[in-house]
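For ligands, and for the atoms within them, numbers begin at 1 and follow the listed sequence.
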Amino acid sequence: MKRLAILGATGSIGTQALDIVSQHPERLRVTAMAAFANQSSLEHLASRHNSPRLALASKGLEPLIEMAQADDVDMVVVAISGAAALLPTIAAIEAGKEVALATKEVLVAAGELVMPLCQKHGVNLIPIDSEHSAIFQCLRGYRHDQIRTLTLTASGGPFRGRKSLEGITVEQALNHPTWRMGGKITIDSATLMNKALEMIEAKWLFDIAMDQVKVCVHPQSVLHSLVEFHDGSMLGQLGWPDMRLPIQVALLWPDKVPNQMRPWNPVETPSLTFESLDETVFPSLGMAREAERLGGTAPTAFNAANEAAVARFLKGEIGFTEIFRTVERALHHHVVNSLSLDSILAADAEARRFVHG
Ligand code: MG
């Protein structure tokens with residue numbers, strides 16, 4: 001029986017993780033749950049899962065840190081958004097807990113601290129992000145120095161193939177063609193900022209150089225990513241675009257257990273197509289490369305500026321393409337510091353202040 005603390009239980013990933021728990025009551029049990037601020041829906045979910053301990057991140061991070069280190073927790077599922085995820089994740093690793101990570105911002109901002117900490121404490125950090133889950137599965141039995149490249153697949157979002165992104169509305173940007181996700185990540189998929197963050201996430205997770213991380217547009221979202229080895233052979237993982245699969249992979253790792261999901265059938269997908277991304281229309285990937293090149297706190301500032309710019313776009317305060325310009329300005333304004341917990345939190349706060357004016 002694996003005992004879970006789910007941080008971000010009321011969000012899209014959290015509720016799907018609870019669905020997986022319900023499908024495997026003999027293997028998984030929730031002993032603690034946290035959300036950001038939504039107490040009533042947290043209590044409602046808790047009543048259906050043996051009434052675990054509860055906490056709200058909006059009232060302070062201390063209870064989440066305690067949850068992440070509690071004796072009756074074997075694995076911490078990190079699906080709470082933004083900076084609130086960082087300290088509990090570090091606490092979980094320091095306590096030797098297995099971590100299933102959905103919040104890619106943790107690695108974008110602090111991969112340089114988090115990955116060595118996992119090594120030190122012998123902690124398995126298992127990605128929930130579908131692309132990284134695919135790579136994680138394909139790499140079983142291989143080493144990072146055997147990798148030539150990783151190719152992250154991208155659906156291309158609702159504006160795939162467009163030559164201009166001017167005048168796009170919030171409603172258009174929230175209408176993702178293949179994945180059903182929360183508001184922020186749906187906008188990040190439309191701007192391709194999500195893929196940009198995933199490049200940095202992959203770099204840390206799989207210990208490879210940024211120029212080994214490639215992106216390929218694949219509108220059907222069936223091939224979830226590719227690993228190319230030095231001998232030229234490639235491995236990929238396929239499945240319907242359903243986040244419950246990578247969630248189950250992480251929660252039950254390394255076991256493979258039957259579930260209620262309908263398996264992918266090749267003859268039901270008449271064609272899988274691939275195209276390159278037009279980086280003159282979508283400047284996001286280049287900005288991630290620049291943030292990574294600057295190093296230190298630059299990826300933190302990049303991530304925080306994007307989060308703040310998306311919030312302003314969703315409120316109707318700035319236009320769609322202003323997200324790019326805003327993040328770029330914040331990145332240039334940012335003074336890069338070497339990485340520590342304090343410099344990460346300071347860079348995060350400063351980039352948000354810059355964007356919100
Ligand atoms: Mg992803």
The Mg ion (ligand 1) - name of the N/O/S atom of Glu198 that sits closest to it = OE2
Ion pair present between Arg27 and Asp255, side-chain N to carboxylate O less than 4.0 angstrom?
-> yes
Kindly determine whether Gln220 and Thr273 satisfy side chain to side chain donor-acceptor pair (under 3.5 Å), including the steps that lead there.
-> CA-CA 7 Å; Gln220 297 82 17; Thr273 60; 3.0 Å; yes
Is Asp74 salt-bridged to Arg3, cutoff N-O under 4.0 Å?
-> yes
Assert yes or no for the condition that the ring centre distance of Phe206 to His144 is strictly below 6.0 Å.
-> no
What atom name does the N, O or S atom of Asp129 nearest to the Mg ion (ligand 1) carry?
-> OD1
Identify, by name, the N, O or S atom of Glu131 lying closest to the Mg ion (ligand 1).
-> OE1
